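Okay, so here's the structure we're looking at.
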Amino acid sequence: MSRTDNNGLTMNGRLELVRRLLEYTRKEWADLLGCSVNLIANIEHGRQRPTSDLLEAISERYPHLIEYIITGQADKILSEDEKAFIRELAGFEPEKVREILNSKPRKRY
């Protein structure tokens with residue numbers, strides 16, 4: 001499923017638009033983000049979706065752009081609860097993270 005923004009761009013198109021506006025060649029963009037030029041070309045031509053590693057690399061360098069690339073919107077305002085949750089996540093100790101990831105999920109029914 002390809003979700004388009006108000007300009008008719010999918011995530012792949014928004015990624016290309018951002019690259020072009022930052023005035024990077026595909027090679028420069030790939031080198032900067034630690035991926036192959038083929039990956040960038042395949043994404044921009046719609047043959048492949050951006051990988052989680054690529055999106056993570058973009059968010060580390062350009063945290064203000066990642067929401068636009070993924071959703072097509074850049075004006076989301078976080079609620080106080082969402083901000084508190086993010087601060088809590090950022091403050092977890094490595095041992096707590098391992099404990100959570102190694103625990104069994106609670107049943108939802």
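In this text, all values refer to a predicted model and were calculated from it rather than measured experimentally. Numbers here simply count residues along the sequence, with the first being 1.
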Subject >> salt bridge (Lys or Arg N to Asp or Glu O under 4.0 Å) pairs, two or more places apart, involving residues 24-37 >> reply: R26-E44, K27-D31
Subject >> Nearest-0.5 Å distance, CD1 of residue I69 to CD1 of residue I58 >> reply: 4.5 Å
Subject >> Residues, nucleotides or ligands: over 12 heavy atoms within 6.0 Å of E95 CD >> reply: yes
**OP:** Carefully, step by step, assess I43 and R49 under the rule side chain to side chain contact (heavy atoms under 4.5 Å, CB included).
**Re:** CA-CA 6 Å; I43 290 168; R49 293 187 48 85; over 6 Å; no
Original post:
Do Q73 and Y68 pass the side chain to side chain contact (heavy atoms under 4.5 Å, CB included) test, and can you show the C-alpha distance, the side-chain angles, and the key distance before you say yes or no?
Top reply: CA-CA 5 Å; Q73 299 179 3; Y68 170 72; over 6 Å; no
**OP:** State, yes or no, whether a side-chain contact exists between V18 and Y62 at a heavy-atom distance under 4.5 Å.
**Re:** no
Original post:
For the atom pair CG (L22) and CG (L17), what is the distance rounded to the nearest 0.5 Å?
Top reply: 9.0 Å
Original post:
In Å, rounded to the nearest 0.5 Å, how long is the span from CG of L39 to CZ of R47?
Top reply: 11.0 Å
**OP:** Spell out, as yes or no, whether a donor-acceptor pair under 3.5 Å connects the side chain of R19 to the backbone of W29.
**Re:** no
Original post:
Given the rule in the side chain to side chain contact (heavy atoms under 4.5 Å, CB included) test, do I40 and C35 qualify, once you have shown the distances and angles that lead to the verdict?
Top reply: CA-CA 8 Å; I40 299 298; C35 66; 3.7 Å; yes
Original post:
Backbone N or O of Q48 within a donor-acceptor pair of the N12 side chain at under 3.5 Å?
Top reply: yes
Original post:
Which distance, rounded to the nearest 0.5 Å, do you find between the CG of L9 and the CG of L15?
Top reply: 11.0 Å
**OP:** Work out which heavy atom in L54 is nearest to a heavy atom in P50; give both atom names and the distance.
**Re:** CD2-CB, 4.3 Å
**OP:** Indicate yes or no for a side-chain donor-acceptor contact from R61 to the backbone of L33 under 3.5 Å, with no hydrogens or angles considered.
**Re:** no
Subject >> Donor-acceptor pair, side chain of R3 and main chain of T10, under 3.5 angstrom >> reply: no
